[in-house]
Chemist: 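Quick one: this structure, given as structure tokens, is what I'll be asking you about.
This one's a predicted model, so the numbers in the text were calculated from it and none came from an experiment.
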Amino acid sequence: MNDYESEAMWKLYSKDITNAIAIQTTYQRLYEALGKDPSIAIGEVHYIDFSNRFSSASHPYWYKHTSFEYEKEVRAIITNFDKKGEAGVTHSIDIDLLIENIYVSPYAPQWFYDVVQSILEKYGISKEILQSQMKATPFY
């Protein structure tokens, strides 16, 4: 949920920063892409110091330690499902609706941009691929 691009996030969330993409979305797009399902709660994660404050016992998934505050994470949590004891739940999503923008790593070569474009075409996703703003020439 950043207002700007972060080199640290590129490096943290990609094993090979030269071959990475970032997908931008919004709360509204996420909500609609998940089918406006009332059993899914969408919200911001709260970052707290666990040595000074308790997280919510009834809603622990909305809290993380302050050390992770740079993530500015948004989560979608399914709150009502019948598969008790399972580690995860699958849910359909409209990926074309979810994606607002696709950004290619500032360190990616041209061939990687071309590969991403061909994958989008293969799966019928009509989104423009944008270059990272970190490659922009500074204004002097």
Chemist: So, does R75 use its side chain to make a donor-acceptor pair with the main chain of V45 at under 3.5 Å?
Modeler: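 No, R75 side chain to V45 backbone: no donor-acceptor pair under 3.5 Å.
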
Chemist: Rounded to the nearest 0.5 Å, what separates atom CD1 in I23 from atom CD1 in I95?
Modeler: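 Answer for the CD1-CD1 pair, I23 versus I95, is 6.0 Å.
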
Chemist: When hydrophobic residues are tied together by side-chain contacts of less than 4.5 Å, even through go-betweens, does V104 share a cluster with M9?
Modeler: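 No; tracing contacts between hydrophobic side chains, which count when under 4.5 Å, never links both residues.
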
Chemist: What is the distance from atom CG of N101 to atom CG of L130, rounded to the nearest 0.5 Å?
Modeler: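 Spacing of CG (N101) from CG (L130) equals 5.0 Å.
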
Chemist: Can you confirm whether F112 sits close enough to I21 that some side-chain heavy atom of one is under 4.5 Å from a side-chain heavy atom of the other?
Modeler: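 Yes, close enough: below the 4.5 Å cut-off.
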
Chemist: Find the distance between CG (D37) and CD1 (I78) and round it off to the nearest 0.5 Å.
Modeler: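 The distance works out to 7.0 Å.
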
Chemist: Check whether any side-chain N or O of Y103 sits under 3.5 Å from a backbone N or O of E5 as a donor-acceptor pair, and report yes or no.
Modeler: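 Absent.
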
Chemist: Between L97 and R29, what is the shortest heavy-atom contact and its length?
Modeler: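 Scanning both residues, the minimum pair turns out to be O-NH1, 2.6 Å.
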
Chemist: Show every side chain to side chain donor-acceptor pair (under 3.5 Å) that has at least one partner inside residues 118-129, sequence neighbours left out.
Modeler: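 Sorted result for residues 118-129: Q117-E121.
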
Chemist: Got a second to check how far Y63's OH is from Y47's OH, nearest 0.5 Å?
Modeler: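 If I round to the nearest 0.5 Å, the distance is 12.5 Å.
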
Chemist: Give a yes or no on whether the backbone of I17 and the side-chain of S105 come within a donor-acceptor separation of less than 3.5 Å.
Modeler: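 Judged by distance alone, yes, a pair lies under 3.5 Å.
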
Chemist: Using the rule that Ile, Leu, Val, Met, Phe, Trp and Tyr join whenever any side-chain heavy atoms are under 4.5 Å apart, tell me whether Y107 and V115 fall into a single cluster.
Modeler: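 Different clusters.
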
Chemist: Tell me the closest heavy-atom pair linking H91 and I40, and the distance in Å.
Modeler: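 Residues H91 and I40, closest heavy atoms: NE2-CD1, 3.6 Å.
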
Chemist: Do other residues, nucleotides or ligands put more than 12 heavy atoms under 6.0 Å from the OH atom of Y13?
Modeler: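 Yes, OH of Y13 has more than 12 neighbouring heavy atoms, counting only those of other groups under 6.0 Å.
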
Chemist: Of the non-hydrogen atoms in P109 and T18, which two are nearest, and what is the gap between them?
Modeler: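 The answer is CD-O, 3.4 Å.
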
Chemist: If we only count heavy atoms from C-beta on, is the V116 to I119 side-chain gap below 4.5 Å?
Modeler: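 No, side chains not in contact.
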
Chemist: Please determine whether side-chain contact (heavy atoms from CB on, under 4.5 Å) holds for the pair D94 and E32, giving the CA-CA distance in whole Å, both sets of side-chain angles, and the decisive distance to 0.1 Å.
Modeler: CA-CA 8 Å; D94 182 336; E32 290 175 7; over 6 Å; no

Chemist: What pair of heavy atoms forms the shortest contact from N2 to Y70, and how long is it?
Modeler: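 Where N2 meets Y70 most closely, the heavy atoms are OD1-O, 4.2 Å.
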
Chemist: Backbone N or O of L98 within a donor-acceptor pair of the T25 side chain at under 3.5 Å?
Modeler: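 Present.
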
Chemist: So I48 and H65, do their side chains get closer than 4.5 Å, heavy atoms only?
Modeler: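 No; the side chains remain at least 4.5 Å from each other.
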
Chemist: Below 4.5 Å, heavy atoms only, C-beta onward: do I102 and L120 meet side chain to side chain?
Modeler: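 Answer yes - side chains close enough.
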
Chemist: Check whether W62 and V74 end up in the same hydrophobic cluster, where Ile, Leu, Val, Met, Phe, Trp and Tyr are linked by side-chain heavy atoms less than 4.5 Å apart.
Modeler: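 In one cluster with W62: V74, no.
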
Chemist: Side chains of E44 and Y27 only: does a donor on one sit below 3.5 Å from an acceptor on the other?
Modeler: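 Side-chain D/A pair, E44 to Y27: present.
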
Chemist: If you define the side chain from C-beta out and look only at heavy atoms, does anything of M134 sit under 4.5 Å from W10?
Modeler: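 Sidechains of W10 and M134: in contact.
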
Chemist: Measuring from atom CD of E73 to atom CZ of F68, what distance do you get when rounded to the nearest 0.5 angstrom?
Modeler: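 Rounded to the nearest 0.5 Å, the CD-CZ separation comes out at 10.0 Å.
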
Chemist: Please report the closest heavy-atom contact between D49 and T66, naming both atoms and the distance.
Modeler: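 Of all heavy-atom pairs spanning D49 and T66, the closest is N-CG2, 3.5 Å.
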
